[in-house]
Amino acid sequence: MDNHFYQQKIEEVRAEMVLLFEACNNLTDHAVVKISQELDYLLNEYSGCLANSRS
């Protein structure tokens, strides 16, 4: 997957996470934690892509 895909998906998931948090106002809510983990995964994948493209 290309960098543009990751950048777009990261922004989408981040925005969704913010909306979920604002709706429940609880960082430990199951839905907020789950989407936060999804965001972490995407950020790690994106970071790996960046590192590979520099090699």
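On a predicted model such as this, the values are computed, not experimentally measured, just so you know. Along the sequence shown, residues are numbered consecutively beginning with 1.
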Results of side-chain contact (heavy atoms from CB on, under 4.5 Å) for Asn25 - residues two or more places apart only: Phe21
All pairs passing salt bridge (charged side-chain N to carboxylate O under 4.0 Å, His left out) where residues 5-20 contributes a residue, at least two apart: Glu11-Arg14
What donor-acceptor contacts under 3.5 angstrom involve side-chain atoms of residues 26-43, with partners at least two apart or in another chain?
| from | atom 1 | to | atom 2 | distance (Å) |
| --- | --- | --- | --- | --- |
| Asn26 | OD1 | Thr28 | N | 2.9 |
| Asn26 | OD1 | Thr28 | OG1 | 2.7 |
| Asp29 | OD2 | Ala31 | N | 3.1 |

Separation of Cys49 SG from Asp2 CG (nearest 0.5 Å): 8.5 Å
Residues which pass side-chain hydrogen bond (donor to acceptor under 3.5 Å, both in side chains) with Tyr46, listed by chain and number, not counting sequence neighbours: Gln7
Joint cluster assignment, Val18 & Ile10, ILVMFWY side-chain distance < 4.5 Å: no
